[in-house]
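Following: one structure in structure tokens, then a few remarks.
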Amino acid sequence: MNNDLNQIDTIKSFLLTEVQKNANSIDSDSNELFLALRGLGNLDVLALRLPRAWGGNEIEEVEYGIFQELVARYSGALAFLQTQHQSAVGMLVNSSNSKLQSKYLPRVSKGEVLLGVGFSQLRREGTPLISAVSVEGGYVLNGVVPWVTGWGVFHEFIVAATLSDGSALFGMAPFMEEFLPQRHGEHRGEISVGAVVDLAAMPSTNTVEVVFSNWFLAAECVVFIKPPGWIHEQDKSNVLKSTFLATGCALAGLDIIEVAAHKKNLSFITNAYISLQDELNDCRATIRDALVNKDIDFARKLELRAWAIELTTRIAHAAITVSSGTANYKHHNAQRIYREALICTVTGQTRDVMAATLEKLTKPVTQAAHVAQASCLCSDNNIIHLSHIINNNIPQWQGDPPVKFTPVAQIETHGYFLRELTIGEHSATHMNAPVSFYKDGASIDQYPAESLLASAVVIDISTQATINPDYTLSISDILDWEQQHGKIPHECVVLLNTGWSKKWHDASAFMCEDANGNMHFPGFGAEATKFLLRERQIAGVGIDTHGVDGGLDTTFTINRMVLEKPRIVLENLTNLDKLPARGFKIVVAPLLLQKGSGSPVGVLAILP
């Protein structure tokens with residue numbers, strides 16, 4: 001996202017300062033919700049996937065999901081409403097009606113025109129709720145759209161009606177009271193809007209029933225016509241998209257639990273927070289990987305959707321639990337988030353999603369069955385990837401060259417597939433070489449092969465890092481580890497599990513930069529590192545953050561100390577929580593870049 005959505009810090013600042021404090025009002029008052037939506041429009045983010053040709057950001061699916069999750073963390077109602085608008089924009093982008101595109105698309109990103117959608121009725125079996133008949137110059141619509149959100153906010157909405165052959169007609173319909181047609185002429189017809197539905201969750205979104213009576217849709221207002229069954233194919237291909245609203249809701253619940261953990265200082269609350277946070281980060285990471293992995297089948301995606309739903313409801317329930325009796329107040333944050341979790345359960349629900357959700361809800365809870373683990377283990381479960389997947393949205397230091405994949409050859413044209421990769425030497429999971437910090441130091445291509453196979457141990461400071469993001473490894477931590485696991489052997493690599501890899505898919509959280517530009521993430525302490533080098537004579541260090549130096553260390557103390565000799569320094573590792581404390585080896589495979597200051601690396605852990 002840091003490459004494709006440069007406004008993320010501005011968006012987050014707006015949500016924290018203008019939305020979070022008013023979240024309960026936004027949930028219940030449509031005027032407050034409208035103002036918040038206008039705020040997003042002022043940031044020019046209401047059409048994020050709009051092609052650049054139309055003035056949009058044209059961001060990728062995962063980056064859009066990250067945005068959705070961020071908004072949902074601070075207001076479920078705002079997230080839900082703006083999703084309707086962005087969905088309508090997406091339909092117009094895919095239309096072949098250039099006149100409609102020219103009319104609306106230049107005005108949607110800032111919210112000059114706000115659009116809704118009304119097509120969920122297509123999922124229902126049996127007689128269509130709303131039908132369309134072709135007439136001269138357009139179509140006549142009759143029937144009911146039972147669920148349209150945004151009455152009083154959206155200017156128009158895209159209505160879907162079923163044609164005689166089962167195809168679905170999509171077209172623009174007015175949605176402001178002053179623009180609703182009355183009966184004028186044979187085909188003008190009428191649109192009537194029912195009372196706002198009294199919803200338990202997000203009532204401010206103003207959901208209504210819309211009835212069409214012989215209403216004429218002119219041909220020039222048709223967005224497109226889709227074949228029978230199109231909606232069901234769309235639901236399958238989009239099954240993971242709604243998960244971002246759920247995980248955003250879950251993050252909001254975790255925020256409440258975290259505050260309670262600090263305020264009440266009870267170990268069981270802290271333990272619950274750590275456990276739920278770890279599982280949620282696993283869930284989020286697995287979903288994002290699945291979105292870019294085209295080999296993931298539909299059944300697997302359903303499992304992930306159900307996991308996100310079930311986990312969100314558990315976290316929302318935990319937020320209620322730690323809030324005690326005050327959570328019963330209607331406008332308590334935990335109460336609102338609990339209701340939002342209800343919406344996340346049923347949004348875009350199909351029979352397949354319902355079945356998968358019920359299956360997940362009725363299975364015994366076994367933490368060992370986290371579905372994320374399958375992606376990091378090989379078939380016999382004794383080799384584990386410790387490197388992140390590389391894409392163009394990985395967290396990076398400010399000023400680092402952006403990761404770019406540029407197509408060079410396509411199978412359809414050239415008979416093979418090839419991309420050009422642009423990446424910095426210290427991006428993704430990577431290894432640092434002495435020449436990074438010492439002018440005459442060894443470069444990455446000068447490491448002997450035998451030095452890249454080493455025994456390793458893992459020291460876990462994830463609990464400390466959860467409480468204090470600036471925590472650094474101490475000598476006391478090392479001695480405590482040795483008392484339990486034995487003395488750290490010479491010539492091994494010490495890996496530090498801080499739990500930070502769980503934040504990898506949220507660049508802002510991973511880098512954790514404050515308003516003054518200071519980074520906050522854990523690392524190795526200077527005295528502990530001296531002890532490891534002098535007393536234990538280790539071969540190197542590795543960590544799951546962006547630096548073995550803690551975020552507040554701007555002088556690279558640990559890197560300079562370790563790389564006085566050609567030792568191993570690994571950063572941005574992952575899956576350290578899947579490793580035993582000791583008794584395994586790691587294989588480090590850098591690119592042998594001539595005179596390289598470092599290199600992205602593949603790192604494998606080989607378990608006995």
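Sequence positions, counted from 1, serve as the residue numbers for this chain.
Distance CD1/Ile337 to NE2/His317: 14.0 Å, rounded to 0.5 Å. Expressed to the nearest 0.5 Å, how far SG of Cys492 lies from CZ of Phe584 amounts to 9.0 Å. Once rounded to the nearest 0.5 Å, the distance linking NE2 of His546 with NZ of Lys503 reads 15.0 Å. We find the CD-CG distance between Glu279 and Leu311 to be 4.5 Å, quoted to the nearest 0.5 Å. Interatomic distance, Asn468 CG to His520 NE2, rounded to the nearest 0.5 Å: 10.0 Å. The distance from the CD1 atom of Ile315 to the CG atom of Leu251 is 7.5 Å, given to the nearest 0.5 Å.
Contact record, Ala465 with Pro522: CB-CG, 3.8 Å, taken as the closest heavy-atom pair. Of all heavy-atom pairs spanning Gly540 and Val562, the tightest one is CA-CG1, 4.5 Å. When all heavy atoms of Ala261 and Thr270 are compared, the pair lying nearest together is CB-OG1, 3.8 Å. Residue Phe405 comes nearest to Leu421 through the heavy atom pair CE2-CD1, 3.7 Å, listed as atom of the first residue, atom of the second, then distance.
Enclosure of atom CG in Asp514 by more than 12 non-hydrogen atoms of other residues, nucleotides or ligands within 6.0 angstrom is indicated.
In this structure, Lys236 forms a cation-pi arrangement with Phe298, its terminal cationic atom sitting closer than 6.0 Å to the ring centre and no more than 45° off the ring axis.
Listed by chain and residue number, Lys363 satisfy the side chain to side chain contact (heavy atoms under 4.5 Å, CB included) test with Glu359 (two or more places apart in sequence, or in another chain). Lys502 pairs by the salt bridge (charged side-chain N to carboxylate O under 4.0 Å, His left out) definition with Asp282, Asp577, not counting sequence neighbours. Legend: residues meeting side chain to side chain contact (heavy atoms under 4.5 Å, CB included) with Gln446, ordered by chain and number and at least two apart, are Ala442, Ser443. Partners of Val259 by side chain to side chain contact (heavy atoms under 4.5 Å, CB included), not counting sequence neighbours: none found. Residues passing the side chain to side chain contact (heavy atoms under 4.5 Å, CB included) test with His490, sequence neighbours excluded: Gln537. By the salt bridge (charged side-chain N to carboxylate O under 4.0 Å, His left out) test, Arg284 is found to be paired with Glu69, Asp506, residues two or more places apart in sequence or in another chain being considered.
Judged by distance alone, with hydrogens and angles left aside, the side-chain atoms of Thr557 form no donor-acceptor pair with the main-chain N or O of Ala526 at under 3.5 Å. Distance alone, capped at 3.5 Å, places no donor-acceptor pair between the Ser599 side chain and the Pro590 backbone. Judged by distance alone, the side chain of Trp481 and the main-chain N or O of Val458 form a donor-acceptor pair under 3.5 Å. The backbone N or O of Asn432 lies less than 3.5 Å from no partner atom in the side chain of Ser436, so there is not a single donor-acceptor pair. In terms of modelled atom types and a separation under 3.5 Å, the side chain of Lys264 and the main chain of Val322 share a donor-acceptor contact.
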Test Ile269 against His262 for side chain to side chain contact (heavy atoms under 4.5 Å, CB included), laying out the working first. CA-CA 9 Å; Ile269 296 180; His262 287 292; over 6 Å; no
With side-chain hydrogen bond (donor to acceptor under 3.5 Å, both in side chains) as the test, would you mind laying out the steps for Glu571 and Thr545 before giving the verdict? CA-CA 6 Å; Glu571 297 173 331; Thr545 71; over 6 Å; no
Side chain to side chain contact (heavy atoms under 4.5 Å, CB included) between Leu280 and Leu254: does it pass, once the steps are laid out? CA-CA 9 Å; Leu280 178 60; Leu254 274 182; 3.5 Å; yes
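Ionic pairing of Glu482 and Arg536 is present here: one or more N-O contacts between side-chain nitrogen and carboxylate oxygen are shorter than 4.0 angstrom. In summary, Glu420 and Lys404 do not engage in a salt bridge, as defined by a charged side-chain N under 4.0 Å from a carboxylate O. Ion pairing between Arg314 and Glu310 holds under the 4.0 Å rule for side-chain N and carboxylate O. Using a 4.0 Å cut-off between a side-chain N of Lys or Arg and a carboxylate O of Asp or Glu, Glu58 and Arg52 qualify as a salt bridge.
Ring geometry, His430 versus His426: the interplanar angle exceeds 60°, so the pair is classed perpendicular (tilted spans 30 to 60°).
When side chains are defined from C-beta on, Leu579 counts as touching Leu607, because their heavy atoms get closer than 4.5 Å. Residues His505 and Pro395 have side chains not in contact (no heavy-atom distance under 4.5 Å, counting atoms from C-beta outward).
None of Thr498, Asp477, Thr463 except one satisfies the side-chain contact (heavy atoms from CB on, under 4.5 Å) rule with Tyr471; the exception is Asp477. Among Phe437, Trp397, Phe524, the one residue that satisfies the ring pair (Phe, Tyr, Trp, His ring centres under 6.0 Å) test with Phe556 is Phe437.
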